[in-house]
Amino acid sequence: QVHLVESGGGLVQAGGSLRLSCAASGRTFGSYAMGWFRQAPGKSREFVTTISWSGSNTYYADSVKGRFTISRDNAKNTVYLQMNSLKPEDTAVYYCAAAPAGVWPPTRYDYWGQGTQVTVSS
């Protein structure tokens with residue numbers, strides 16, 4: 001099992017940056033692909049980005065491509081989401097999730113964090 005805890009959310013002005021972290025418990029973190037999702041008020045949860053177990057492969061939703069960067073540090077059991085050039089439409093609760101290796105990009109995420117709020121003001 002993997003327990004995920006997000007942090008780093010907050011309030012930022014449009015055009016600014018935030019760096020989210022997702023800390024994982026257990027020693028199997030490196031065996032999972034990791035993803036970030038977000039859910040804005042009144043909207044469904046949407047995919048943001050994912051990174052393979054080795055960190056060699058990444059995939060981004062078109063809405064964040066070129067602005068967001070996912071990375072991971074398996075030694076620290078942590079995955080990051082660097083968010084630049086933030087827009088008001090990026091406002092959402094951001095969730096990290098873990099997916100089993102073997103399928104790229106992942107389609108099934110087994111473990112989820114509690115989420116961290118990101119608010120972008122105009």
Can you tell me how far CE of M34 sits from OG of S71, rounded to the nearest 0.5 angstrom?
11.5 Å
With side-chain hydrogen bond (donor to acceptor under 3.5 Å, both in side chains) as the test, pick out the partner of R38 among T91, T49, D90, T116.
D90
Checking R72 against Y80 for the side-chain contact (heavy atoms from CB on, under 4.5 Å) test, could you report, in this order, the C-alpha distance in whole Å, the side-chain angles of both residues, the deciding distance, and whether it holds?
CA-CA 6 Å; R72 68 190 297 163; Y80 305 95; 5.9 Å; no
Mind checking whether F37 and Y109 have parallel, tilted or perpendicular rings, split at 30° and 60°?
perpendicular
Do F47 and W36 have ring centroids that are under 6.0 Å from one another?
no
Testing L81, T58, L20, L18 for side-chain contact (heavy atoms from CB on, under 4.5 Å) with F68, which one passes?
L81
Report the C-alpha separation of W104 and N57 in whole Å, then their side-chain angles, then the decisive distance to 0.1 Å, and conclude whether the side-chain contact (heavy atoms from CB on, under 4.5 Å) test is met.
CA-CA 9 Å; W104 186 257; N57 299 311; 3.6 Å; yes
Can you check whether A33's main-chain N or O pairs, donor with acceptor, with S52's side chain at less than 3.5 Å?
no
Roughly how far, to the nearest 0.5 Å, is CG of L86 from OG of S121?
10.0 Å
How long is the gap from CG on N77 to NE2 on H3, to the nearest 0.5 Å?
13.0 Å
Is the closest side-chain heavy-atom distance between E6 and Q114 below 4.5 Å?
yes
Donor-acceptor contact present, side-chain D110 to main-chain Q1, <3.5 Å
no
Okay, side chain of S63, backbone of A61: is any donor-acceptor separation there less than 3.5 Å?
no
Compute both the distance and the angle, then confirm whether R45 meets the cation-pi test with Y95: under 6.0 Å from the six-membered ring centre, within 45 degrees of the axis.
yes
Are V5 and I51 linked, directly or through intermediate hydrophobic residues, by side-chain heavy-atom contacts shorter than 4.5 Å (ILVMFWY only)?
no
Once you round to the nearest 0.5 Å, how far does CE of M83 lie from OH of Y94?
5.5 Å
Are V120 and V48 connected, step by step, through hydrophobic side chains (Ile, Leu, Val, Met, Phe, Trp, Tyr) whose heavy atoms are closer than 4.5 Å?
yes
Which atom of A40 lies closest to which atom of A92, heavy atoms considered
N-CB, 3.7 Å
Thinking salt bridges, do D62 and K65 make one under a 4.0 Å N-O criterion?
yes
P88 and A14 have their tightest heavy-atom pair at CD-CB, 4.1 Å
For T50, does its backbone N or O pair with a side-chain atom of Y60 as donor and acceptor, under 3.5 Å?
no
Do the non-hydrogen side-chain atoms of T119 and V12 ever get within less than 4.5 Å of each other?
no
Answer with yes or no whether the side chains of S17 and N84 bring together a donor and an acceptor at under 3.5 Å.
yes
Would one find more than 12 heavy atoms of other residues, nucleotides or ligands at under 6.0 Å from atom OH of Y59?
no
Full working for side-chain contact (heavy atoms from CB on, under 4.5 Å) between Y32 and V2
CA-CA 9 Å; Y32 293 87; V2 180; 3.5 Å; yes
